[in-house]
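In what follows, every chain begins at residue 1, and chains take the letters A, B, ... in the order their sequences are listed.
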There are 2 protein chains.
Amino acid sequence: MPEAVVQLSRRERQIMDVIYRRGRATAAEVLEDLPDPPGYSSVRALLRLLEEKGHVRHEQDGPRYVFLPIVNRERARKSALKHVVRTFFDGSATDAVAALLDGEGKLDSSELDRLSAMIDEARREGR
Amino acid sequence: MPEAVVQLSRRERQIMDVIYRRGRATAAEVLEDLPDPPGYSSVRALLRLLEEKGHVRHEQDGPRYVFLPIVNRERARKSALKHVVRTFFDGSATDAVAALLDGEGKLDSSELDRLSAMIDEARREGR
DNA sequence: CGGGATATGCTAAGAAAATAGCAGCTCCCT
DNA sequence: AGGGAGCTGCTATTTTCTTAGCATATCCCG
């Protein structure tokens with residue numbers, strides 16, 4: 001029930017995306033990956049804000065900070081998928097999978113095997 | 001090619017989500033579904049803005065407007081999935097499917113069949 | 001060991017977002 | 001027909017976001 005989906009602002013969202021993509025990132029790295037990159041100071045101000053709000057934390061790495069998400073990737077993933085499924089697929093995970101299969105880049109045969117295996121697995125569990 | 005993912009503000013994003021979820025919506029309906037619902041006027045102001053920016057259009061329905069997304073759901077879906085896959089799954093659609101299979105609610109057997117069929121399909125196309 | 005490059009902390013101001021208020025139009029019901 | 005309910009258009013205000021600037025600390029290399 002917690003899942004207090006705090007609403008991030010535009011930049012905050014962009015920054016969190018970068019951090020999730022990289023797993024961890026310094027202010028300079030974040031800046032590198034931001035669209036319409038602002039000044040360095042701006043990024044740092046936002047990172048401080050995100051930290052205050054409890055979205056990231058930092059570890060010291062020599063002279064600089066490395067920022068990490070508070071919510072682990074696993075959880076964040078699920079939450080993101082859930083939102084997409086709810087918003088664009090009427091809650092149907094199956095439809096979402098369908099879109100992934102034909103939308104995203106071609107999957108090679110080993111990946112398809114992996115998926116088949118997962119489906120068999122689900123079938124076994126399901127009965 | 002560029003997927004000009006125009007950056008929406010917090011509220012704008014929320015409103016677009018509502019519209020995509022419902023397919024079409026009046027200002028009152030949008031308001032209904034918004035978290036931390038603001039005043040009615042606020043919603044309308046935002047809708048007007050979204051229309052100006054080209055994200056939605058409206059049709060007249062008797063005395064009121066019904067708003068619809070400009071980008072059709074199909075495209076919006078793909079774009080949303082792509083973003084999630086990129087941000088949280090290192091670009092691996094397969095991993096995303098995996099998360100969907102065990103994350104989202106249980107799939108019943110007919111859905112699993114459907115997925116199997118899609119995978120076979122992909123295999124056939126892929127070779 | 002000295003200086004440039006790179007960091008951080010803090011703060012202030014400019015830009016954008018979000019909200020609310022008011023006037024006027026339209027529909028609908030009694 | 002009269003009047004309330006429900007909408008829209010526009011605008012003004014407040015709040016939040018976003019940015020940049022400056023002072024200070026740390027690292028690292030020649």
Original post:
When you look at B:D17 and B:R11, which way does the salt bridge (charged side-chain N to carboxylate O under 4.0 Å, His left out) test go after all the steps?
Top reply: CA-CA 10 Å; B:D17 282 352; B:R11 268 301 192 215; over 6 Å; no
**OP:** Apply salt bridge (charged side-chain N to carboxylate O under 4.0 Å, His left out) to the pair A:R114 and A:E111, showing each step before the final yes or no.
**Re:** CA-CA 5 Å; A:R114 201 180 131 213; A:E111 288 181 295; 5.4 Å; no
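Residues from residues 23-31 of chain A placing a heavy atom under 4.0 Å of any atom in DNA chain D do not occur.
Residue pairs that meet the ring-ring contact (aromatic ring centres under 6.0 Å, His included) test with at least one member in residues 6-59 of chain A, sequence neighbours left out, are A:Y20-B:F88, A:H58-A:Y65, A:H58-A:F67. Within the structure, the salt bridge (charged side-chain N to carboxylate O under 4.0 Å, His left out) test picks out the following pairs touching residues 19-31 of chain B (sequence neighbours left out): B:R22-B:E29, B:R22-B:E32, B:R22-B:D33, B:R24-B:E59. Pairs passing the salt bridge (charged side-chain N to carboxylate O under 4.0 Å, His left out) check and including a residue from residues 35-55 of chain B, sequence neighbours excluded, read B:E12-B:K53.
Rounding to the nearest 0.5 Å gives a distance of 7.5 Å between CG of B:L115 and CG of A:L101.
Side chains of B:S110 and B:D108: a donor on one and an acceptor on the other come within 3.5 Å.
Atoms CG (A:L50) and P (C:dT8) sit 14 Å apart, rounded to a whole Å. Taking atom CZ on A:R13 and atom C1' on C:dA17, their separation rounds to 18 Å, with Å as the unit. Atom CD of B:E59 and atom P of D:dT8 are 14 Å apart (whole Å). Note: CD (A:Q60) to P (C:dT6) measures 18 Å, nearest angstrom. Computed from coordinates, the B:Q14 CD to C:dA17 P distance equals 14 Å when rounded to whole Å. Atom CG of A:D61 and atom C1' of D:dT26 are 13 Å apart (whole Å).
Within 6.0 Å of CZ on B:R86 lie no more than 12 heavy atoms contributed by other residues, nucleotides or ligands.
With B:S116 contributing its side chain and B:L112 its backbone, the two residues share a donor-acceptor pair below 3.5 Å. A donor-acceptor contact shorter than 3.5 Å links the side chain of A:N72 to the backbone of A:E74. Judged by distance alone, with hydrogens and angles left aside, the side-chain atoms of A:S79 form no donor-acceptor pair with the main-chain N or O of A:R75 at under 3.5 Å.
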With 3.5 Å as the limit, what N/O pairs link the protein to nucleotides 13-17 of chain D?
none

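Note on A:Y40: a base of the nucleic acid sits closer than 4.0 angstrom, heavy atoms only.
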Original post:
For every nucleotide of nucleotides 21-30 of chain C, 5' to 3': is a protein heavy atom under 4.0 Å from its base (B), only from its sugar-phosphate (S), or from neither (-)?
Top reply: B-----S---
